[in-house]
> 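The structure is given below, and queries will be raised subsequently.
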Amino acid sequence: MEEYEDRSWDCGDVMDDESEGMDEHNDNPQQVLAECAVKFATPDYIMEPGIFSSLKRYFQSGGDPVQVIEQVSQNYTAVAQMANLIAEWLIIGGVKVTDVQAMVENHLKDMIVKTFDPKKADTIFTEEGETPAWLTELIEHPTWRSLIYKLAEEYPDCLMLNFTIKLISDAGFQGEITSISTAAQQLEVFSRVLKTSISSFLTNPEDWQKTTKECAKMVCHGQHTYVYAQVIIHVLARENKGGSSMKRLSQEITKCAQKNRNDVTPITMALNGAAAYPQACQALTAMLSKNTLNPADISVLFRNYSGNDPPPIDLVRTPQFLELLVDSLFKPAVKLNPDHKPKYIYLLAYAASVCEVPAKKGQKRTWNKDELKSTIQAIETVHNICNINKGSSELIADLKTLYQSLRFSVVAVGVVRWVEYTVTDSSYFKLQTEHCPVHLALLDEVVSCHTLLHTQVLDLLIRLFESKQDELEILVQLEMRKMVLDRMVNLLCSGCVVPVVKYIKTCWQKGDTDISLIRYFVTEVLEAIGPPYSPEFVNLFMPMVENDEITGTMRGDGENDPVSEFIVYCKANYTTV
């Protein structure tokens, strides 16, 4: 920021006058005339902003007015005027003014991106001596702001672009620059952008995935931005109002950093207070840094957390550690040492079920030990079932046990992970004879019991729906995808409405999904739903219901069929459709 503030913008005119005076005394008149003649010979030089300063130098050196008029006139090709003329012809020909404007602006953007020179751009300030008025006007238009963002990504060291980013932030458009790495170079701009990004995350819970991704991308730009942002979020996480949301945001940012193969474990450990518990801190740091569990460190953690005065539970609630525990216990074919297995189960159950009750001064912390014991039993029971490679039909005998254990959220997470590894195996559907395999039927129960797992289940169903099943016959592939759609409809009926309908609508709009599958989905949904509907659902679902290719064969002569009833009801009650 200091490099902008230290510039003496207001003294620019004085410096220019001085430099011009020096030119008058030191420049060779013949050399000046030759330099100006080269400039005047360039096409459309009369349109250049430096024309007046060049004319001043030319005349001060004794240049001939008639000669310069001839040079400038002969080299006037009127490119800008021709562009305006063609634009007027297009408008007269019936093209919308906004479309013509967009064509011109987009072409200009492409030309600027191809020919942009950061060194020449930085000379704008040395020539102008102050912030150019046109630059202030330029950032008022979304088209040109987007151009600045694009250039700033490509030329992060350009002074003019960095200063323009600050101007954009000062003008209140920081919400647009959440993914701009240039913002990370200026603390003031970055702070504003971070504030806007966090506010967007808190006020738009339905779009948390999008807002979290944008925020994480910006925060993970560099080490300094990561530490700065995580410290701020860590402080905000202590607040009673919105603190849990801030903690979730911090965890998602950490996950993003890990996906980019950045080891942020030391920062995580420093922020969660692990340093006060050196044994637990050392064991956790070793496993998280290597992203793998080992029996020795697990044993250290087990001793710490099974004692009378365990460390805070937040240490073992680190998402990365929980993911590793779930994988070790529910991933098929993973073999654990029988002597150490109870320790893995204990730590996962402890992290999932213990709710610390703050004690009065001088007393120990307490928690519900019965809940911990029940969770341990449930995890152990389901782990024993999942660890044996059973087919779908063989699992029927264990269904009652599985359904009872699924009321524990940690078991539900493990079952989803187990089902994911099982059903995504390339040979899984080749060996299935049931219409709905037991593994996928378990997902229906998870969806019914645990709203927070809806997104995870939907992601798995989408992967299955889009998976290549080339070894199956075409009709068998269609039946398999219909079965997956049944699971999606169940997910919709359990409250995950908009994400499911959005996905199917996207499949329809892309045109890469068999229309019979879209028709099947619409039919099943119409049979399952009833008014009233949310406006968002109607706007998403109505175009598919009204499409003749999808529902043409489903309509009757009157208005008693589900398709006509839905259309009539929505048109009568939703004017926005």
> Calculate, to the nearest 0.5 Å, the distance between atoms CG and CG belonging to L464 and D459 respectively.
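It is 11.0 Å, given to the nearest 0.5 Å.
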> Any side-chain heavy atom of I529 sitting closer than 4.5 Å to one from L492?
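Touching, per the 4.5 Å side-chain cut-off.
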> Could you check, using the six-membered ring where one of them is a Trp, whether F566 and F541 have ring centers closer than 6.0 angstrom?
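Here the rings of F541 and F566 have centres that are less than 6.0 Å from each other.
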> Ignoring hydrogens, what is the shortest heavy-atom contact between Y346 and S306? Give both atom names and the distance.
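Reported closest heavy-atom pair: OH-CA, 3.5 Å.
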> Any side-chain heavy-atom pair from L540 and I504 closer than 4.5 angstrom?
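No, every pair of side-chain atoms sits at 4.5 Å or beyond.
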> Please test K571 against E546 for salt bridge (charged side-chain N to carboxylate O under 4.0 Å, His left out), starting from the C-alpha separation and ending with a verdict.
CA-CA 11 Å; K571 287 189 173 181; E546 287 187 309; 3.3 Å; yes
> Is R487 close to C436 at the side-chain level, that is, under 4.5 Å between some pair of heavy atoms?
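Result yes, sub-4.5 Å side-chain heavy-atom pair found.
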> Could you pull out the closest heavy-atom pair between C386 and F330, with the gap in Å?
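Answer, listing the atom of C386 first, then F330: SG-CD2, 4.1 Å.
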> For atom CD of E549, decide whether the heavy atoms of other residues, nucleotides or ligands shown that lie under 6.0 angstrom number more than 12.
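Atom CD in E549 is not crowded, with 12 or fewer foreign heavy atoms closer than 6.0 Å.
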> Is it true that E445 and R407 have a side-chain N and a carboxylate O under 4.0 angstrom from each other?
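Answer for the salt bridge query: no.
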> Can you give me the closest heavy-atom contact between Y421 and P332, atom names plus distance?
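It is CB-CD, 3.6 Å.
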> Between OG of S197 and CE of M218, what distance do you get to the nearest 0.5 Å?
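Here the interatomic distance stands at 4.5 Å.
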> Below 4.0 angstrom, N of the basic side chain to O of the carboxylate: do R481 and D514 qualify?
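Between D514 and R481 there is no salt bridge, as every charged N stays at least 4.0 Å from the carboxylate O atoms.
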> So, Y569 and S564: side-chain donor and acceptor under 3.5 Å apart, yes or no?
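Not at all, the side chains of Y569 and S564 share no donor-acceptor pair under 3.5 Å.
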> Does the pair S250 and Q230 meet the rule for a side-chain hydrogen bond (donor to acceptor under 3.5 Å, both in side chains), with working shown?
CA-CA 6 Å; S250 174; Q230 285 285 45; 2.9 Å; yes
> Would you check if there is a donor-acceptor pair between the side chains of N539 and Y574 at a distance under 3.5 Å?
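There is no such pair between these side chains.
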> Answer yes if the side chains of N387 and N384 hold a donor-acceptor pair under 3.5 Å, and no otherwise.
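There is no such pair (donor and acceptor under 3.5 Å, judged by atom type) between the side chains of N387 and N384.
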> Is the NZ or CZ atom of R248 both under 6.0 Å from the centre of the six-membered ring of W208 and within 45° of that ring's axis?
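Verdict for W208: a cation-pi partner in R248.
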> For the residue pair M287 and L301, establish whether any side-chain heavy-atom pair is separated by less than 4.5 Å.
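A side-chain contact under 4.5 Å exists here.
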> Counting only heavy atoms not in E466, do more than 12 fall under 6.0 Å of its CD?
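Enclosed.
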> Please determine whether the number of non-hydrogen atoms from other residues, nucleotides or ligands lying under 6.0 Å from atom NZ of K505 exceeds 12.
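Buried by this count: over 12 neighbours within 6.0 Å.
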> Assess whether side-chain hydrogen bond (donor to acceptor under 3.5 Å, both in side chains) is satisfied between Y533 and N573, documenting all intermediate values.
CA-CA 10 Å; Y533 312 111; N573 293 278; over 6 Å; no
> Going by the side chain to side chain contact (heavy atoms under 4.5 Å, CB included) test, name the single residue among I550, L485, L478, V525 that passes it with Y520.
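So, applying the side chain to side chain contact (heavy atoms under 4.5 Å, CB included) to Y520 and each of I550, L485, L478, V525, only L485 qualifies.
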> So does E323 pair up with R417, basic N to acidic O under 4.0 Å?
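Looking at R417 together with E323, the answer is yes, because their closest N to O distance falls below 4.0 Å.
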> Is the closest side-chain heavy-atom distance between T513 and F465 below 4.5 Å?
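In short, these two side chains touch, coming nearer than 4.5 Å.
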> Looking only at the side chains, is there a donor atom on one of Q209 and T455 sitting less than 3.5 Å from an acceptor on the other?
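On atom types as modelled, these side chains do not qualify, holding no pair under 3.5 Å.
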> Drop me the distance from L442's CG to L406's CG, to the nearest 0.5 angstrom.
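These two atoms lie 6.0 Å from each other.
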> Between Y428 and H439, does the ring centre distance come in under 6.0 Å?
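When the ring centroids of Y428 and H439 are compared, they turn out to be within the sub-6.0 Å range.
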> Report yes or no: does N262 contribute a side-chain atom to a donor-acceptor pair with the main-chain N or O of V264 at less than 3.5 Å?
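Checking the backbone N and O of V264 against the side chain of N262, no donor-acceptor pair under 3.5 Å is found.
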> How about P295 and Y344: do any of their side-chain heavy atoms sit closer than 4.5 Å?
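They are in side-chain contact.
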> Measure the CG-CD distance between L443 and E420 for me, rounded to the nearest 0.5 Å.
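Here the rounded value is 10.0 Å.
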> Do Q258 and T265 pair up side chain to side chain, a donor and an acceptor below 3.5 Å, judged on atom types alone?
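Judged by distance alone, the side chains do not pair up.
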> Measure the acute angle between the ring planes of H224 and H221, then classify it against the limits of 30° and 60° as parallel, tilted or perpendicular.
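Aromatic pair H224/H221 classed perpendicular.
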> Under the 3.5 angstrom rule, does the side chain of S494 hit a backbone N or O of S448 as a donor-acceptor pair?
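Checked: no pair found.
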> Can you confirm whether Q377 is buried at CD, in the sense that more than 12 heavy atoms of other residues, nucleotides or ligands lie under 6.0 Å from that atom?
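Counting neighbours around CD of Q377, more than 12 heavy atoms of other residues, nucleotides or ligands fall under 6.0 Å, so yes.
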> Evaluate the side-chain proximity of E252 to F201: yes if any heavy-atom separation is below 4.5 Å, no if none is.
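No, too far: nothing below the 4.5 Å cut-off.
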> Say you draw a straight line from CG of L202 to NZ of K241; how long is it, rounded to the nearest 0.5 Å?
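Answer for the CG-NZ pair, L202 versus K241, is 10.0 Å.
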> Report the relative orientation of the aromatic rings in F190 and Y228; use parallel for angles under 30°, tilted for 30 to 60°, perpendicular for over 60°.
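Rings of F190 and Y228: tilted, as their planes differ by 30° to 60°.
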> Give a yes or no on whether the backbone of V545 and the side-chain of T551 come within a donor-acceptor separation of less than 3.5 Å.
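Yes, T551 side chain to V545 backbone: donor-acceptor pair under 3.5 Å.
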> Are any of the side-chain heavy atoms of K482 and H435 separated by less than 4.5 Å?
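They are not in side-chain contact.
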